[in-house]
Amino acid sequence: MIRRRRAVSGVQEDSARADQLLFGGPLVYDFGFARHDGKAGTASALQWVRSLPAPLGLVLGLAARADRSALAQVLLAELGQGLSRAFLLLAANRALLQLFAGGPTAQRIHASLPVLVAIGAVSAFSALLSAMSTASTGRLEPRIENAVTQEILHHAVNAQLAAMEDEGFHRILDSARFAADYAKRLIGQGVAVLNSVVSLIAAGGVLATLDWRLMPLLLLIAVPRAWGSIRSARRRYLSIQSWLTHIRAINALLGLLTSKDAAPEVRVHQLGDFLTDQYRAMAERSEAEQTRLARERAGTNLLASALSGAATLITYAVLLLLLIHGQVAIAVAGTAALAIRTGVGSIGTLVTQLNTVYDSSLYVADLAELREVGPRRAIPTGGTPVPDGPQLLELKDVRFTYDGRTEPAVQGISLSVAPGQVVALVGANGAGKTTLAKIICGLLGADDGSMSWGGVDFAAADRATWFSRIALLGQDFERWPLSARCNVLMGDVERPDDDAGIAEAARRAGALATVTALPHGWDTILTRGYLRGADVSGGQWQKIGLARSLFREKAELLVADEPTAALDAASEIDTFRKLRSLAETGKSVILITHRLAATRLADVIYVIDNGVVTESGTHGELLGRPLVPGGYRDLYQRQATEYGVAHLSPPRANPDTTTVCDTSEVK
C-alpha cells in the first residue's frame with residue numbers, strides 16, 4: 001500500500017511539473033461555461049431544490065412553444081405509466097389473494113382469470129405509453145435544441161460590437177451556447193425524473209393501501225441505496241473535475257504534436273521526445289486518477305449494498321413476523337415485496353437523474369441570463385434611413401473610451417469624407433485609427449460628438465441602412481472556411497445567383513487567377529481538412545477579401561484597414577491603383593495603412609496620435625511642412641530610408657500612384 005501511494009504521488013508530481021512547465025499551472029478554460037465546473041458535485045440537496053424550478057420552467061415553456069402536443073403526450077404517457085404500475089401491483093395483490101384462497105385449484109384459477117387478463121391488458125397499454133413517451137420525447141428534443149440555438153444566434157448576431165468585445169457579455173453568450181444541448185438533454189432527464197417520481201409514489205401508495213406499517217420498510221432499504229448513489233455520483237463528478245484540466249492539457253499537447261504548423265519546429269528543434277515525455281506524465285496521472293475513482297466507487301457500492309442487503313433482510317424478517325402472527329396475508333406480503341423492490345429501484349434512478357438535471361440546469365439558466373441581457377446590448381432598430389447615392393460623411397468632435405479604460409481611444413476628432421474622395425488615416429500602432437474606423441462603420445457608438453451621413457445623424461439613423469452603405473476590409477477580415485464562391489458572396493448575400501458579378505469582383509481584385517488555379521475552382525473550400533479543401537497564402541486571402549468588398553456594389557464607402565499587409569510590392573501597387581480608380585467612380589475610400597507610400601494617392605491625409613488628429617492635408621502639403629519628430633514628414637522619410645533612399649523630394653502636383661518613393665532631396 002505504501003509503495004502504491006508513493007507511485008501515485010510520483011505520477012502526480014511529474015504531471016504537476018509538466019503542467020507548470022508547459023502552461024504555467026493547471027490548464028483552466030477562461031470561458032463563460034467554466035464557471036459551472038464543479039458545482040454539481042458540491043451542491044447541497046437544498047441548492048438542488050431551489051435552483052431547479054426556474055430552468056425547468058424555462059425548458060417546459062420552450063417545449064410548449066416548440067410542440068405543445070408532444071409535451072402533453074409525454075406528460076400523459078408518464079402519468080399513465082405510473083398509474084399502470086400502481087394498478088399492476090394492486091392487481092397482482094388481488095390475483096395472489098384469489099390464488100391463495102381456499103377451495104379447488106381450478107376454481108381459484110378461474111376466479112383469478114379476469115384479474116390476470118386485466119394485468120396483461122394494462123401491461124400492454126403501459127408498453128404503448130412508454131413507446132409514445134419515447135417517440136414524443138424524440139420529437140421534442142431536436143425542436144427544443146433548434147429553438148434555443150436560434151434564440152442564441154439571434155442575440156449573438158444582433159448584439160452591438162461593443163457588447164461582443166465586452167468580456168462580461170461574451171462570457172454569458174459563450175456559456176449560453178451550451179444551453180441548446182443541455183436543454184435537449186433536460187427533456188430526457190426530466191422525463192426520467194418524472195418516471196422515477198411517479199413510480200416511487202405508485203409504490204408508496206400501494207404499500208399504504210396494503211398496510212401503512214409497510215411504508216417504513218421501503219425507507220429502510222431505500223436510504224442506504226440512495227446514500228450510495230449520491231456518494232458515488234458526487235465522487236465521480238468531483239474526480240472528473242479534478243483531472244479535467246489534465247485532459248485539456250493532454251488534448252492541447254496532442255494537437256501540437258500532430259499539427260502541421262508546429263511540425264517544422266518540432267523536428268528542427270528536436271521537440272518530439274520532450275513533448276512526448278510531458279504527455280506521458282499527464283496521461284499517467286489521468287490513469288492513476290481513474291484507477292482511484294474505480295477503487296473508491298467499488299468500496300462505496302460494496303458498503304451501500306451491504307447496508308441495503310441488511311435492510312432487505314430486516315424487511316423480510318418483519319414481513320415474516322407479520323405473516324406468522326397473521327397480521328398480513330401471504331398475498332399482501334408478496335405484493336409488498338414487489339412494491340418495495342420497485343420503490344428502491346426508483347429512488348436509485350431518481351438520485352442519479354437529479355444530479356444530471358442539476359448540472360444541465362446550470363447551463364440552461366445561462367439562457368435565461370442571456371434573455372435578460374441580450375435585448376439591452378442589441379443593435380437599435382428603426383430610425384431615419386440613410387439616403388442613397390454618394391453622400392458627405394462628417395464627424396465633429398467625436399470621442400470614445402472603451403469600457404474598463406480611463407484613457408480615451410479617440411478624443412475630439414473631426415473630419416469629413418466627400419463623395420469620390422480617398423482619405424488616409426495614418427499613425428503608430430494603438431493611435432486610434434482602427435477604433436475610428438469602427439465608429440465610422442457604425443460598429444461603435446461615440447460617447448460624445450456627432451457623426452452624420454448625408455445629413456442624417458448616426459444617433460437617429462436606421463443602422464441597417466447605415467451598414468448597407470459601407471464595405472469593410474478589416475486588417476483581420478474573416479477567412480471563412482467555406483467555398484471560394486461563398487467567400488466573395490459574403491460581401492453582398494442579396495446577390496446569391498450572380499456568378500458573373502462574383503467573377504468580375506475577383507478579376508478587379510486580382511483574385512481571379514488564384515481561384516482559377518484552385519483544384520476545384522470556385523467550389524474549393526478555402527481550408528484543409530475537407531474534400532475539395534485547399535490552403536491559400538496570406539496575400540491570396542487578401543485579394544479574396546478585397547474581392548468580397550468590391551462585390552458589395554451598393555456600398556458608397558469602402559473602409560480598408562491595412563489592405564496590402566500580406567501583398568508583395570507589385571500587388572500592393574496594383575491594389576492602391578484599384579482603390580484610386582474606385583474613388584473615381586464616385587465612391588469614397590477610407591484607407592488605414594502604415595505604408596506611407598500608399599498615402600500619395602489620398603486626397604486628404606489625417607495623422608492620428610493617441611486618439612488625436614495632429615496633422616492633416618495632402619501628401620505634398622504634409623511633406624512641405626517643417627520636420628517634426630513623429631510627424632508625417634519624419635515618418636515618411638524614415639520609411640523611405642528603409643528602402644535605401646537617403647533623401648526625398650516634394651511630390652508632383654498629380655503624383656503617379658504607382659510610384660513608391662521619389663529619390664531626390666526634400667527642400
So does D403 pair up with R405, basic N to acidic O under 4.0 Å?
no

Between the main-chain N or O of E369 and the side-chain N or O of E372, is there a donor-acceptor pair closer than 3.5 Å?
no

Can you find a side-chain donor-acceptor pair between T465 and D462 that sits under 3.5 Å?
yes

Main-chain N/O of V386 paired with R469 side-chain donor or acceptor, under 3.5 Å
yes

Answer yes or no on whether R463 is positioned over the face of F458, meaning its NZ or CZ is under 6.0 Å from the six-membered ring centre and within 45° of the axis.
yes

Tell me, with the steps shown, if F400 and D448 meet side-chain contact (heavy atoms from CB on, under 4.5 Å).
CA-CA 7 Å; F400 178 82; D448 200 3; over 6 Å; no

Are the side chain of K587 and the backbone of A555 linked by a donor-acceptor contact shorter than 3.5 Å?
yes

Around W480, counting heavy atoms of other residues, nucleotides and ligands shown, do more than 12 lie under 6.0 Å from its CH2?
no

For V417, is there any backbone N or O sitting under 3.5 Å from a side-chain donor or acceptor partner on S588?
no

Can you measure from CG (L623) to CD (Q637) and round to the nearest 0.5 angstrom?
9.0 Å

Test side-chain contact (heavy atoms from CB on, under 4.5 Å) applied to L591 and L425, step by step
CA-CA 6 Å; L591 174 63; L425 306 179; over 6 Å; no

Taking the side chain as every heavy atom from C-beta outward, state whether I590 and L558 have any atom pair closer than 4.5 Å.
no

Could you check whether any side-chain heavy atom of L635 comes within less than 4.5 Å of a side-chain heavy atom of V426, counting everything from C-beta outward?
no

Would you say Q542's side chain and G539's backbone share a donor-acceptor pair under 3.5 angstrom?
no

Counting C-beta onward and ignoring hydrogens, is there a side-chain heavy-atom pair between D457 and T384 closer than 4.5 Å?
no

Looking just at side-chain N and O atoms, do T599 and Y632 make a donor-acceptor pair shorter than 3.5 Å?
yes

When you look at R532 and T524, which way does the side-chain contact (heavy atoms from CB on, under 4.5 Å) test go after all the steps?
CA-CA 5 Å; R532 303 187 312 280; T524 303; 5.6 Å; no

For the pair R528 and D535, find out whether any cationic side-chain nitrogen is under 4.0 Å from an anionic carboxylate oxygen.
yes

Derivation and outcome, salt bridge (Lys or Arg N to Asp or Glu O under 4.0 Å), residues D388 and K554
CA-CA 9 Å; D388 291 327; K554 294 180 182 178; over 6 Å; no

Of all heavy-atom pairs between G442 and W466, which one has the smallest distance, and what is that distance?
N-NE1, 3.8 Å

Could you check whether D523 and S483, counting side-chain N and O atoms only, form a donor-acceptor pair closer than 3.5 Å?
no

Min side-chain heavy-atom separation I152-L367 under 4.5 Å
yes

For L622 versus R633, what's the shortest heavy-atom pair and its separation?
O-CB, 4.0 Å

Any donor-acceptor pair under 3.5 Å from E478 side chain to N487 backbone:
no

Please determine whether a side-chain nitrogen of the Lys or Arg among R485 and D499 lies less than 4.0 Å from a carboxylate oxygen of the Asp or Glu.
yes

For a quick test of reading the model, state the closest non-hydrogen atom pair linking A547 to V488 and the distance between them.
O-CG1, 3.9 Å

Search all heavy atoms of R495 against all heavy atoms of E553 and return the closest pair with its distance.
NH1-CG, 3.4 Å

Interatomic spacing from CE in M164 to CZ in R377 - rounded to 0.5 Å
11.0 Å

Distance-only, no hydrogens or angles: does the R552 side chain make a donor-acceptor pair with backbone N or O of G491 under 3.5 Å?
yes

Is it the case that the side chain of T614 and the backbone of V607 share a donor-acceptor pair, with hydrogens and angles ignored and the cut-off at 3.5 Å?
yes

pair V148-L62: side-chain heavy atoms closer than 4.5 Å
yes

Short question: side chain of K433, backbone of A428 - any donor-acceptor pair under 3.5 Å?
yes

What's the spacing between L489 CG and E494 CD if we round to 0.5 Å?
10.5 Å

Exercise: identify the closest heavy-atom pair between V398 and S450:
CG2-O, 3.4 Å

Output for pair (L153 CG, N146 CG), nearest 0.5 Å, gives 9.5 Å

Closest heavy-atom contact between K438 and E165?
NZ-OE2, 2.9 Å

Side-chain contact, heavy-atom cut-off 4.5 Å: I379 with T381?
no

For a side chain to side chain donor-acceptor pair (under 3.5 Å) check, start with the C-alpha distance between T434 and D561, then their side-chain angles and the critical distance, and finish with the verdict.
CA-CA 7 Å; T434 298; D561 192 351; 2.9 Å; yes

Nearest-0.5 Å distance that lies between atom CD1 in I413 and atom OG in S616
11.0 Å

Would you give the length of the straight line joining atom CG of L557 to atom CD of Q421, rounded to the nearest 0.5 angstrom?
11.0 Å

Does Y606 form a side-chain contact (heavy atoms from CB on, under 4.5 Å) with L436? I'd like the steps, not just the answer.
CA-CA 12 Å; Y606 291 92; L436 183 60; over 6 Å; no

Are R479 and F477 in a cation-pi setup, meaning NZ or CZ lies under 6.0 angstrom from the ring centre and within 45 degrees of the ring axis?
yes

Report yes if the side chains of M490 and R548 come closer than 4.5 Å at any heavy-atom pair, otherwise no.
yes

Donor-acceptor pair, side chain of N158 and main chain of A378, under 3.5 angstrom:
no

